[in-house]
Every structure is written in C-alpha cells, then in structure tokens.
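Single-structure report; data block below.
We're numbering straight along the sequence, starting at 1. Only a predicted model underlies this, so the values are computations on that prediction, with no experimental measurement involved.
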Amino acid sequence: MSTEALCKLDIMEVMSRYALASDNKNYDLLRSLFSDDATIAMQFDSDFLGGQGVHFDDPASFIAFVKETATVYRASQHLLGNPLIDVDGEVASIRVNLIGTAFYQDTSTPDTTLYGFYEVALTKMSGSWKIQELTFTSIGSK
C-alpha cells in the first residue's frame with residue numbers, strides 16, 4: 001500500500017476516534033487528537049443550540065464546551081461519511097459529512113439529529129496525525 005494511502009487510513013482513524021470520543025464522552029481521548037495550538041469553529045443551524053456559532057483558540061476550551069453541552073444527553077451517535085482527503089507531506093485536509101443524533105437525558109424530549117460537515121486540517125507530529133484546525137458547518141437539524 002502506498003504511503004499516501006496509509007496516511008489517508010490514519011487520518012480516517014483520527015476522525016473515527018473523534019466521533020467515538022464524542023459519543024463515549026471520553027474527553028482524554030478527544031484531547032489527544034488535537035495539537036496544542038489547534039483552533040475549532042462550529043456554526044449550528046437555528047434549530048440546534050439556537051443557531052449559535054462558537055470559536056475556540058485551544059482544545060481545552062473546546063472540550064469544556066463539549067462537556068457542558070453534553071450534560072443534557074444520555075448518549076449520542078456521530079456517523080461520518082464520504083471522506084475526501086488530501087495529503088501533502090506532513091499536512092493534510094479532510095472534508096467529511098456528519099449525521100449526529102443526540103439522545104436526551106429527559107426521555108420525553110425527542111431525539112435531535114444534526115446534519116453537516118467537518119473541514120479539518122491535520123499535521124503529522126512525532127509520527128501521528130493531529131487535528132490543527134477543525135471547522136464544523138451545520139446544514140440542518142430535526
């Protein structure tokens with residue numbers, strides 16, 4: 001298998017671990033996927049989190065936001081698909097679609113499904129791919 005193909009598999013693994021960490025509320029795993037100076041931006045549609053946009057200049061602030069918003073969920077499931085990956089040496093980018101469903105602690109509240117896509121820049125550091133910049137754009141929710 002070519003070096004580029006192996007890199008693409010490794011990058012898909014990073015994003016799969018991102019989804020797993022989010023769903024399992026494994027914040028140590030989530031933190032391990034980011035470089036120390038990573039930036040994160042998310043724009044939600046009006047039916048999810050009030051349509052707010054958020055921006056973080058460091059992974060710790062992002063993870064604190066995720067912890068706080070996840071308290072109302074008993075579970076979530078992030079499904080990632082259609083990855084488009086470009087690799088150029090030690091830097092790479094991926095665009096991947098998301099269908100994410102949140103299941104509320106209050107079971108009388110209907111589940112919410114969020115649709116959108118991630119655009120992610122990664123850097124290879126000490127042999128591992130790390131998220132350098134993560135942008136999420138919501139295209140709708142129900």
Side-chain angles (χ1 to χ4, degrees), residues 1 4-142:
M1 189 175 292
E4 182 176 346
L6 289 172
C7 286
K8 287 182 177 187
L9 286 173
D10 289 344
I11 290 164
M12 288 185 57
E13 177 89 7
V14 169
M15 294 309 298
S16 293
R17 289 186 183 281
Y18 172 89
L20 176 70
S22 298
D23 292 338
N24 288 347
K25 299 180 182 181
N26 183 337
Y27 303 116
D28 291 334
L29 174 58
L30 188 60
R31 174 60 186 95
S32 74
L33 303 172
F34 290 89
S35 68
D36 290 341
D37 59 347
T39 59
I40 299 97
M42 300 185 147
Q43 181 61 55
F44 301 105
D45 72 283
S46 60
D47 291 330
F48 191 83
L49 293 179
Q52 72 177 319
V54 294
H55 179 85
F56 306 96
D57 290 323
D58 64 276
S61 297
F62 169 65
I63 291 168
F65 169 78
V66 171
K67 281 182 181 180
E68 181 182 328
T69 57
T71 59
V72 298
Y73 307 129
R74 62 184 157 80
S76 66
Q77 184 175 50
H78 288 69
L79 300 174
L80 303 176
N82 302 336
L84 298 172
I85 304 170
D86 291 311
V87 178
D88 186 10
E90 302 291 303
V91 296
S93 63
I94 182 171
R95 184 194 187 281
V96 62
N97 293 336
L98 167 75
I99 299 173
T101 303
F103 304 92
Y104 291 89
Q105 295 282 359
D106 177 359
T107 56
S108 67
T109 302
D111 306 337
T112 299
T113 300
L114 178 66
Y115 304 91
F117 58 92
Y118 289 101
E119 294 174 303
V120 183
L122 301 101
T123 304
K124 198 164 196 180
M125 301 175 161
S126 302
S128 297
W129 289 100
K130 298 288 182 179
I131 298 170
Q132 189 68 44
E133 183 178 325
L134 181 140
T135 302
F136 174 75
T137 304
S138 174
I139 60 171
S141 62
K142 62 177 187 170

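We find the OG1-CG distance between Thr101 and Asp111 to be 7.0 Å, quoted to the nearest 0.5 Å. Atom CE in Met42 sits 12.0 Å away from atom NE2 in His55 (nearest 0.5 Å). Atom CG of Leu33 is separated from atom OG of Ser128 by 10.0 Å, given to the nearest 0.5 angstrom. Distance check, rounded to the nearest 0.5 Å: OG of Ser22 to CZ of Arg17 gives 13.5 Å. Atom-to-atom distance recorded for Asn97:CG and Ile139:CD1 is 7.0 Å, nearest 0.5 angstrom. Atom CG of Leu29 sits about 6.0 Å away from atom CG of Leu20, to the nearest 0.5 Å.
Screening Val87, Ile85, Leu122 against Cys7 for a side-chain contact (heavy atoms from CB on, under 4.5 Å) leaves a single residue, Val87.
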Stepwise side chain to side chain contact (heavy atoms under 4.5 Å, CB included) test for Glu133 and Thr135: CA-CA 7 Å; Glu133 183 178 325; Thr135 302; 4.1 Å; yes
Report the C-alpha distance between Leu98 and Tyr115 in whole Å, list the side-chain angles of each, state the deciding distance to 0.1 Å, and finish with yes or no for side chain to side chain contact (heavy atoms under 4.5 Å, CB included). CA-CA 6 Å; Leu98 167 75; Tyr115 304 91; over 6 Å; no
Let me see the working for Ile131 and Val14 under side chain to side chain contact (heavy atoms under 4.5 Å, CB included), right down to the final yes or no. CA-CA 8 Å; Ile131 298 170; Val14 169; 4.0 Å; yes
Side chain to side chain contact (heavy atoms under 4.5 Å, CB included) evaluation trace for Thr137 with Phe44: CA-CA 7 Å; Thr137 304; Phe44 301 105; over 6 Å; no
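The main-chain N or O of Tyr104 is found under 3.5 Å from a side-chain atom of Arg74 such that the two form a donor-acceptor pair. Under the 3.5 Å distance criterion, the side-chain polar atoms of Asp58 are matched with a main-chain donor or acceptor of Ser61. Side-chain atoms of Lys130 never come within 3.5 Å of backbone atoms of Ala38 as a donor-acceptor pair (strictly under, hydrogens ignored).
Ring geometry for Tyr18 versus Tyr118: interplanar angle over 60°, hence perpendicular rather than tilted (30 to 60°).
Residue Gln52 qualifies as enclosed at atom CD: its count of foreign heavy atoms under 6.0 Å is above 12. At most 12 heavy atoms of other shown residues, nucleotides or ligands fall within 6.0 angstrom of atom CG in Asp88.
For Ala92 against Ile11, the heavy-atom pair with the smallest separation is CB-CD1, 3.4 Å. Considering every non-hydrogen atom in both Asp45 and Ser138, the closest pair reads OD1-OG, 2.8 Å. What you find for Gln105 and Tyr73 is that their closest heavy atoms are NE2-O, 3.1 Å. Of all the heavy atoms in Gly89 and Trp129, the pair that sits closest is O-CH2, 3.7 Å. Between Ala70 and Lys25, the shortest heavy-atom distance links the atoms O-NZ, 3.1 Å. Contact detail for Leu30 and Ala21: the closest heavy-atom pair is N-CB, 3.6 Å.
Side-chain atoms of Gln132 and Ser35 form a donor-acceptor pair, as typed in the model, at a separation below 3.5 Å. For the residue pair Ser76 and Asp23, a side-chain donor N or O sits within less than 3.5 Å of a side-chain acceptor on the partner. Defined by atom type and a distance below 3.5 Å, a donor-acceptor pair is missing between the side-chain atoms of Asp57 and Thr39.
In this structure Asp36 satisfies the salt bridge (charged side-chain N to carboxylate O under 4.0 Å, His left out) test together with Arg31, sequence neighbours excluded.
Looking at Leu84 and Asp86, their side chains never come closer than 4.5 Å, going by heavy atoms from C-beta outward. Counting heavy atoms from C-beta outward, Thr112 and Lys142 have side chains that stay 4.5 Å or more apart.
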